[in-house]
Number of protein chains: 2
Amino acid sequence: MAVTLKDVATLAGVSVKTVSNVVNGYAFVKPENRRRVEEALAATGYRPNVGARNLRRGRTGFLALMVPELSIPYFGELAGLVITAAQRRGWSVLIEQTQGTRTRERATVDSLGPHLVDGALVHPEALESGDFPDPEKGIPMVLLGEHAVDVELDRVAIDNVRAAHAAVSHLVSLGRKRIAAIGVNPRRGTASLRVAGYRAALSDAGLSVVDSLMEPADKYHRANGAAAMKRLLSLPEPPDAVFCFNDLLAVGALRSVAERGLRVPQDIAIVGFDNTDESAFSLPSITTIAPDKAAIADAAVDLVHARIAGTEQTPPHEVQPPFSLEIRESTAGVGTAAGGTPAA
Amino acid sequence: MAVTLKDVATLAGVSVKTVSNVVNGYAFVKPENRRRVEEALAATGYRPNVGARNLRRGRTGFLALMVPELSIPYFGELAGLVITAAQRRGWSVLIEQTQGTRTRERATVDSLGPHLVDGALVHPEALESGDFPDPEKGIPMVLLGEHAVDVELDRVAIDNVRAAHAAVSHLVSLGRKRIAAIGVNPRRGTASLRVAGYRAALSDAGLSVVDSLMEPADKYHRANGAAAMKRLLSLPEPPDAVFCFNDLLAVGALRSVAERGLRVPQDIAIVGFDNTDESAFSLPSITTIAPDKAAIADAAVDLVHARIAGTEQTPPHEVQPPFSLEIRESTAGVGTAAGGTPAA
DNA sequence: GTGAAAGCGCTAACAG
DNA sequence: CTGTTAGCGCTTTCAC
């Protein structure tokens with residue numbers, strides 16, 4: 001069926017080795033032979049069998065990327081960037097979805113044998129420290145996103161505490177006093193870091209942390225943001241600002257505020273997280289924490305590459321790409337809230 | 001390093017064959033041997049080498065999915081569903097991005113050797129008929145999305161002409177007379193089908209097709225929708241309704257209408273296409289054509305599967321999954337436009 | 001039922 | 001510089 005090295009060799013009247021040398025760009029091949037091989041290559045339309053080559057070389061040519069769901073804009077965008085970054089290193093990317101459940105994350109993480117992929121980029125949501133396979137064995141793995149898990153792995157994530165602090169401080173600078181948070185999910189790694197930043201910013205501003213203003217969200221989807229915001233709005237003393245732990249929650253919150261007949265940012269200011277494309281075009285557009293996603297993707301790919309190449313033998317490394325606060329309509333152009341929000 | 005079949009065999013004191021039989025669930029193995037093998041399997045933590053297995057079996061276990069960009073919500077959502085569908089068939093999915101350029105699409109399409117993947121799902125944007133490798137040779141390939149290309153391949157796509165017709169007819173039923181279209185890109189396969197549906201619906205309604213109301217869009221991104229809408233709004237006789245060829249364009253259009261101080265749907269009604277999650281939460285939410293994406297993903301995977309298994313030897317097949325018109329705020333609750341739009 | 005041996009397509013020694 | 005020879009880890013005849 002398919003053309004093999006041997007076929008080409010026979011046709012060119014040389015040995016398999018010589019053909020292999022030509023295919024792999026080995027320099028020292030007699031010009032005459034090279035010409036004949038190249039002719040035979042063209043004539044047969046030979047394509048190397050990647051599987052066989054990798055079996056021999058002991059590598060696979062694949063990189064795995066584990067994410068909760070590709071339909072979540074942040075992960076769609078990130079995956080796109082990872083694929084691009086991996087391509088530069090000659091890798092194809094295999095995507096695994098876990099829906100953010102611990103069971104599936106664990107299953108994925110230890111199905112990632114060295115035969116399937118050369119390395120993995122994993123963005124866990126619910127994984128706990130003990131769930132990881134022994135880093136000594138198994139393939140190089142880098143963790144994406146900051147997490148509370150304590151495991152000896154390379155990581156790439158922006159400084160979530162500082163980012164959350166920046167977001168909330170921005171709200172404070174607008175004169176807001178009752179600043180809520182949506183996405184306060186205790187069982188979620190990243191969430192605890194953002195909560196820490198939120199608390200710190202409030203206390204730096206002399207504001208007290210009010211439990212009823214901290215809304216959990218089972219999933220970080222639009223609908224959950226809308227539901228959480230509805231609950232906040234029915235509080236005896238509703239918030240005058242909300243920090244949502246991702247843009248999707250913010251989009252949902254926006255809708256609930258509008259349905260209640262209130263205005264953003266005049267009545268309620270909103271800040272999101274992730275700077276997904278969507279947040280720049282919503283009405284109003286959403287102020288958000290903008291992690292440098294391309295830098296995240298590049299750093300992650302570079303890290304696995306270093307581990308695989310053995311360049312990096314040092315203990316696990318943590319890379320913190322930069323982020324910025326993207327100020328948009330959902331917090332812009334207004335100072336203190338219009339309504340009489342009583343000071344805490 | 002890694003445990004091989006042979007290691008397990010040695011430990012269990014049986015031959016490689018027996019271990020292989022157990023691993024592959026072959027029924028007739030002496031219970032005693034089965035037990036010992038299973039013990040050895042557990043003790044060593046054996047994991048089959050997928051590469052070697054596939055080399056032997058002549059398959060790879062991978063399916064390729066070619067899309068323009070994962071950061072476009074429609075493709076992110078679709079890719080997620082494809083991965084899920086493929087998983088049920090035991091395939092891992094490899095994603096290739098082309099940015100929708102013909103060069104990269106062509107390069108991708110003919111780099112997809114039989115050694116790399118068992119089959120491919122391709123969603124071209126700019127590919128032309130001659131760009132495809134000979135379907136006889138090469139791997140099974142199914143085309144995603146409707147296209148003007150004439151090539152002997154299985155396809156999966158909703159009926160774009162009928163869908164566009166439904167969208168525009170809905171606008172007509174609202175009493176709109178000057179119905180614009182955004183995304184009218186001559187060099188784009190799907191676009192021409194949607195234009196056909198648009199024209200047909202207008203003519204069915206006795207409305208004339210006005211060239212200046214047909215806006216192209218270089219890319220189907222939010223920014224392009226916004227720009228196109230701006231141009232439409234500066235027309236001497238602006239439209240009272242717009243059919244956008246995807247939701248992203250519609251989101252952009254929404255913003256330009258709002259910035260102009262006009263209301264949706266009262267002044268301008270908007271219909272999108274794709275039913276991305278975003279369209280259900282925008283303000284206002286967007287009426288859109290909702291293709292059954294899960295059905296698309298399933299059908300596509302089933303089709304390659306049938307080709308690979310050889311079940312399907314018949315000539316190329318076209319599957320048209322269902323779609324529906326999802327009526328939302330951007331066209332709801334109003335009849336004829338408020339303003340005095342002159343009849344055409 | 002199970003073992004031995006061949007070989008999938010390729011690359012890495014090692015001679016020549 | 002190039003040919004020959006082993007095997008990467010697995011499945012698969014084919015005997016026993």
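Naming: A, B, ... by sequence-line order, numbering from 1 per chain.
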Qualifying residues under ring-ring contact (aromatic ring centres under 6.0 Å, His included), relative to [X], sequence neighbours excluded:
X: A:F62; answer: B:F62
X: B:Y74; answer: none
X: B:Y220; answer: none

With sequence neighbours left out, write down each residue that passes salt bridge (Lys or Arg N to Asp or Glu O under 4.0 Å) with [X], or none if nothing qualifies.
X: B:R89; result: B:D302
X: A:R56; result: none
X: B:E125; result: B:R188
X: A:E96; result: none

Opening and closing nucleotides of DNA chain C in contact with chain A, under 4.0 Å to non-hydrogen atoms: C:dG9 to C:dA13

Going by side-chain contact (heavy atoms from CB on, under 4.5 Å), name the residues that satisfy it together with B:E69, two or more places apart in sequence or in a different chain. B:S71, B:I72, B:Q97, B:Q99, B:K219, B:H221

Starting from the first five and the last five pairs of the helix from C:dG1-D:dC16 to C:dG16-D:dC1, work out the angle between the resulting helix axes, to 10 degrees.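 Answer rounded to 10°: the end axes differ by 40°.
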
Contacts of type side-chain hydrogen bond (donor to acceptor under 3.5 Å, both in side chains), residue B:R53, not counting sequence neighbours: none

Summarise how protein sits on nucleotides 10-16 of chain D as a single string, 5' to 3': B when a protein heavy atom is under 4.0 Å from the base, S for sugar-phosphate-only contact, - for no contact. BBBB---

With no hydrogens and no angle check, do the side chains of B:D118 and B:T60 hold a donor and an acceptor under 3.5 Å apart?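 B:T60 and B:D118 do have a side-chain donor-acceptor pair below 3.5 Å.
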
So which one's nearest nucleotide on DNA chain C is more toward 5', B:V29 or B:L55?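 Of the two residues, B:V29 wins.
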
